[in-house]
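Here is the structure we will look at.
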Amino acid sequence: MKTVFSGIQPSGALHVGNYVGAIHNWVQMQDQYRCIYCVVDYHAITQDYEVKQMSARVREMALDILALGVDPEKAILFVQSAVPEHTELAWIFGAVTGHGDLERMTQFKDKSASQPDNVNAGLFFYPVPQAADILLYKAELVPVGADQVQHLELARRVARSFNHRWGKVFPECEAKLTATPKVLGLDGKAKMSKSLGNHIPLTSIEDRPLRKLLGRMVTDEKRVTREDPGDPDVCNVFSFHKIFSTADDQAWVRQGCTTAGIGCVDCKGRLAERMVDHFAGYRERRAELLAHPGRVDEILAAGAEKARAIAQRTLAEVRQKLGLWRSR
Ligand code: ADP
């Protein structure tokens with residue numbers, strides 16, 4: 001059975017882009033593979049943060065992941081810093097990662113631009129611990145959004161150069177994308193992202209707040225008045241209908257929009273209904289977990305124990321290959 005690994009930063013509440021681009025696959029894959037999912041708090045320190053809020057953010061992220069359907073009976077869910085082997089392997093991988101390869105990473109360029117006062121070496125090194133996260137469990141499949149494909153290619157190169165230099169330990173991992181690997185934000189232009197403020201938090205998917213947010217969503221810009229026909233194929237609202245609505249709804253939108261039979265408000269209203277339905281189970285499970293907060297901590301502790309056992313085996317093998325003092 002193949003192993004699957006994916007991680008997510010404890011960056012506050014999840015948004016629709018995270019769910020559609022990645023977490024949807026986390027849930028789908030747990031029936032077929034050995035799945036290991038991680039809240040990556042070590043990565044989160046490369047950005048400014050409130051120390052006092054960190055553990056609450058980690059717990060909230062884990063709670064959201066569980067509410068979306070990751071099942072601790074089927075998958076391992078844990079927090080990165082509970083398994084310190086992640087950092088040891090990251091250091092070792094640094095020795096087989098090309099500086100030039102890291103320089104090509106577009107995420108480093110984007111993140112440095114978004115936090116010019118804190119361009120730390122950790123931001124630059126980021127893909128190396130990310131490769132360690134995955135390969136510590138010898139994972140072959142990594143469910144992520146399209147923005148992570150470049151980092152996955154780097155992880156593959158790291159595994160290859162490690163195996164070449166010290167002997168085969170690691171498999172070659174690959175990204176597993178969903179049907180919609182890049183979700184655009186409310187602006188309809190940039191990738192949906194919390195840092196850009198163009199996102200729909202999953203916690204806002206209730207009738208009123210969602211309708212308010214969708215009200216801001218940019219539609220076909222050529223459709224200026226209600227009387228103008230629109231083109232669903234260039235409208236971000238329609239791309240959301242393709243994810244959340246039935247074929248009948250989509251046909252209704254296409255017909256109504258192209259003939260000016262319906263307005264954007266009608267189209268967004270139907271989308272809001274479908275999204276609220278889609279996330280009904282999530283809201284229910286979330287409320288239940290919120291009522292039993294100790295349950296999340298228990299799941300994370302049990303997950304860390306299982307993850308650590310695997311990680312320690314890999315590290316023992318790695319130290320041996322490297323001829324480190326500790327491996328004797
Ligand atoms: P991280 O820095 O941990 O990757 P993000 O919150 O940026 O944190 O992303 C978490 C996951 O969600 C990643 O797999 C990422 O590829 C995916 N993701 C984030 N934003 C989007 C988006 N707009 N469309 C598709 N996938 C996304």
Side-chain angles (χ1 to χ4, degrees), residues 4-29 35-49 54 57-58 60-62 64-65 68 70 77-81 86 90 105-115 118 120 122-134 139 141-155 173-203 213 217-218 236 239-240 242-244:
V4 170
F5 178 93
S6 195
I8 189 156
Q9 285 206 35
S11 53
L14 283 169
H15 58 68
V16 172
N18 301 135
Y19 169 70
V20 172
I23 312 284
H24 179 71
N25 263 350
W26 292 23
V27 178
Q28 297 294 309
M29 293 173 96
C35 292
I36 304 176
Y37 300 132
C38 183
V39 181
V40 293
D41 53 349
Y42 278 136
H43 287 285
I45 63 168
T46 56
Q47 287 165 50
D48 294 331
Y49 70 100
M54 180 62 109
R57 277 170 43 194
V58 167
E60 182 173 3
M61 184 55 75
D64 250 359
I65 291 166
L68 283 171
V70 166
L77 178 66
F78 73 106
V79 184
Q80 191 183 26
S81 62
H86 283 254
M105 296 295 117
T106 54
Q107 183 177 293
F108 171 64
K109 292 173 196 158
D110 294 346
K111 288 208 171 165
S112 323
S114 72
Q115 50 183 80
N118 184 10
N120 57 79
L123 271 188
F124 182 68
F125 199 58
Y126 196 105
V128 181
Q130 193 177 343
D133 297 339
I134 298 161
L141 293 171
V142 189
V144 283
D147 55 347
Q148 293 299 321
V149 168
Q150 195 185 32
H151 285 181
L152 262 288
E153 279 162 13
L154 183 85
C173 51
E174 58 176 314
K176 169 80 179 162
L177 301 178
T178 64
T180 316
K182 182 178 177 184
V183 178
L184 298 183
L186 293 170
D187 53 1
K189 293 196 170 66
K191 181 189 92 161
M192 183 178 286
S193 153
K194 193 180 173 212
S195 56
L196 295 175
N198 64 358
H199 63 301
I200 303 177
L202 296 187
T203 47
L213 268 178
M217 196 163 186
V218 175
N236 196 30
S239 61
F240 275 62
K242 286 197 221 155
I243 299 168
F244 295 109

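Just the heavy atoms: all of them, side chains too, but no hydrogens, waters or symmetry mates, feed the values below. Note that the coordinates shown come from a computational prediction; the quantities given were computed from them, not determined experimentally. Numbering starts at 1 and runs along the sequence shown. Counting convention: from 1, in listed order, for ligands and their atoms alike.
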What class does the angle between the rings of Tyr19 and His24 fall in, given that below 30° is parallel, 30 to 60° is tilted and above 60° is perpendicular?
-> perpendicular
Where does ligand 1 get N/O contacts under 3.5 Å from the protein, atom by atom?
from, atom 1, to, atom 2, distance (Å)
ligand 1, 2 (O), Gln9, NE2, 3.4
ligand 1, 3 (O), Gln9, N, 3.1
ligand 1, 4 (O), Gln148, NE2, 3.4
ligand 1, 6 (O), Asn18, ND2, 3.3
ligand 1, 12 (O), Asn18, ND2, 3.2
ligand 1, 14 (O), Gly145, N, 3.3
ligand 1, 16 (O), Gly145, N, 2.8
ligand 1, 16 (O), Asp147, OD1, 2.4
ligand 1, 23 (N), Val183, O, 2.9
ligand 1, 23 (N), Met192, N, 3.2
ligand 1, 23 (N), Met192, O, 2.9
ligand 1, 24 (N), Val183, N, 2.8
ligand 1, 26 (N), Gly17, O, 3.3

Identify the two heavy atoms, one from [X] and one from [Y], that lie closest to each other, and give their separation to 0.1 Å.
| X | Y | answer |
| --- | --- | --- |
| Arg57 | Pro10 | NE-O, 2.6 Å |
| Asn236 | Met217 | ND2-CE, 3.4 Å |
| Asp133 | His43 | OD2-NE2, 2.8 Å |
| Asp41 | Met54 | O-CE, 3.8 Å |
| Glu60 | Ala13 | OE2-CB, 3.8 Å |

